[in-house]
**Q** 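What follows is a single structure, and I will ask about it in a moment.
Only heavy atoms go into these numbers, but all of them, side chains included; no hydrogens, no water, no symmetry mates. Residue numbering restarts at 1 for every chain, and letters A, B, ... go by the order of the sequence lines.
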Number of protein chains: 2
Amino acid sequence: MADSARVADVSLTHIQSFVAVAEECNVGRAARRLHLTQPPLSRHIQALEDELGARLFERTRGGMRLLPAGEAFLRHARRILAEVDAAVLTVRDVAGNRAGG
Amino acid sequence: MADSARVADVSLTHIQSFVAVAEECNVGRAARRLHLTQPPLSRHIQALEDELGARLFERTRGGMRLLPAGEAFLRHARRILAEVDAAVLTVRDVAGNRAGG
DNA sequence: GCGTCCAATGCTGTTTCGGTATGGCCGACA
DNA sequence: TGTCGGCCATACCGAAACAGCATTGGACGC
C-alpha cells in the first residue's frame, strides 16, 4: 500500500495556500491574495501540517516564518504547481490543435 | 492573472481518479481500486474534463479509452503525483531528522 | 426481444468548507 | 500600567461539495 497513499489527503488548494503564506509571511495578506479570509487559510496551513506530520511554519509575533521542513516543502510545492499548470496547458494545446486543425 | 489560476479548480483527487481510470480502462474497476463507487468516479472524470476544457476519454462500449489529450495528460498526471509523493517524503525526512537527531 | 455490461444522471444524507465573530498573545506607546 | 493594534487560532453556523444508492440509457451477444 506504499503506492501514492500519502497523496490522498493533500490537496492542491492547501499547497497553493502554503505557497502564498510562505511568500507573504502573513496569513491575512496571503488570504487576501487568494481571495479568501484569514481563518480558512489558517486552517489550510494547519491541515497541511497535520497531513504532513510536520510543522512548516514558526508562528512569530510578526507573522509566519518558514521552518526548514517548510523551506524544503516550498521547493516541491512550486514544482507541483508548475507541473499542474503545464499539464493543463498541454492538454488544452493537444485538444485545441486537434479540434481546430 | 496568468499566475496559476488554472490550478485552482483541478484537484489531486481528480488526477488520481483519472490515472486509475486510464490504467483500468473501466470506471467501475478503477472505483473499486480507489475504494469508491462508480458514480462519483464517473463525475470526477467529467469534472476534470470540464476543468481542462477537453475530452480525455472516448467512451466505448467496453469502457474508457484514452484520447490523445488524455494520453498527454496522463504523463503529466503521473509526474504530479510522483512530485507530491516526493514532497511529502522530503518534509517528513527533514522534520524527522531534526526532531530525532 | 432479453439479459448483460458499461457509463451517466437524479436524488439525498452527510461531510467539508468558508465567513463572521471572537479569543489569546504580544509589543508599542503614552 | 492600561490601552491600542496587529497577528494567528478557535467556535459556530449556513452553504456548497461530495459520496452512495437507485435508476436510466446505450450497445452488444444470444
**Q** Could you report the tightest heavy-atom contact between B:Val27 and B:Leu41, atom names first, then the distance?
**A** O-CD2, 3.4 Å
**Q** Not counting sequence neighbours, which residues clear ring-ring contact (aromatic ring centres under 6.0 Å, His included) with A:His14? List them please.
**A** A:His44
**Q** Determine, stepwise, if the pair A:Phe57 / A:Val21 fulfils side-chain contact (heavy atoms from CB on, under 4.5 Å).
**A** CA-CA 9 Å; A:Phe57 291 101; A:Val21 171; 3.6 Å; yes
**Q** Rounded to the nearest angstrom, tell me the gap between atom CG in A:Asn26 and atom C1' in D:dG5.
**A**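 Distance, rounded to whole Å: 14 Å.
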**Q** Considering residues, nucleotides and ligands other than B:Arg59, do more than 12 of their heavy atoms fall under 6.0 Å from its CZ?
**A**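 Enclosed.
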**Q** Verify salt bridge (charged side-chain N to carboxylate O under 4.0 Å, His left out) between B:Glu23 and B:Arg33, making sure each step is shown before the conclusion.
**A** CA-CA 11 Å; B:Glu23 287 176 359; B:Arg33 177 168 135 189; 2.5 Å; yes
**Q** Going by the rule ring-ring contact (aromatic ring centres under 6.0 Å, His included), which residues pair with B:Phe73 if we only count those two or more places apart in sequence or in a different chain?
**A** B:Phe18
**Q** According to a 4.5 Å side-chain heavy-atom criterion applied to Ile, Leu, Val, Met, Phe, Trp and Tyr, with indirect links allowed, do A:Val91 and B:Leu66 form part of one hydrophobic cluster?
**A** yes
**Q** Is there a residue in residues 64-73 of chain B whose heavy atoms reach under 4.0 Å of DNA chain C, and which residues are they?
**A** B:Met64
**Q** What is the distance from CZ of A:Arg59 to C1' of D:dG6, rounded to the nearest Å?
**A**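 Value for this atom pair: 17 Å.
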**Q** The test is salt bridge (charged side-chain N to carboxylate O under 4.0 Å, His left out); show your working for A:Glu83 and B:Arg75 and say whether it passes.
**A** CA-CA 11 Å; A:Glu83 197 61 64; B:Arg75 286 188 280 275; over 6 Å; no
**Q** Students should find this one: the first and last nucleotides of DNA chain C, 5' to 3', lying under 4.0 Å from a heavy atom of chain B. What are they?
**A**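 Both ends considered, the range comes out as C:dC6 to C:dC11.
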**Q** Distance check needed: D:dA9 P versus A:Glu58 CD, whole Å only.
**A**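 Going from CD in A:Glu58 over to P in D:dA9 covers 12 Å.
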**Q** Name the residue closer to the 5' end of DNA chain D, choosing between A:Arg29 and B:Arg61 according to the nucleotide with the nearest heavy atom.
**A** A:Arg29
**Q** Would you mind reporting whether A:Leu48 and A:Ser17 have side-chain heavy atoms less than 4.5 Å apart?
**A**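 The answer is no, as the side chains (C-beta and beyond) never meet within the 4.5 Å cut-off.
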**Q** Would you name the heavy atoms of B:Thr90 and A:Ala72 that are closest together and state the gap between them?
**A** CG2-CB, 4.0 Å
**Q** Using OP1 and OP2 only, check whether a side-chain N or O of A:Ser42 sits under 4.0 Å from D:dA9.
**A** yes
**Q** One character per nucleotide, please: for nucleotides 18-24 of chain D, 5' to 3', B when the base has a protein heavy atom closer than 4.0 Å, S when only the sugar-phosphate does, - otherwise.
**A** -BBBB--
**Q** Listed by chain and number, what are the side-chain contact (heavy atoms from CB on, under 4.5 Å) partners of B:Arg65, not counting sequence neighbours?
**A**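 B:Arg65 satisfies side-chain contact (heavy atoms from CB on, under 4.5 Å) with B:Glu58, B:Thr60 only.
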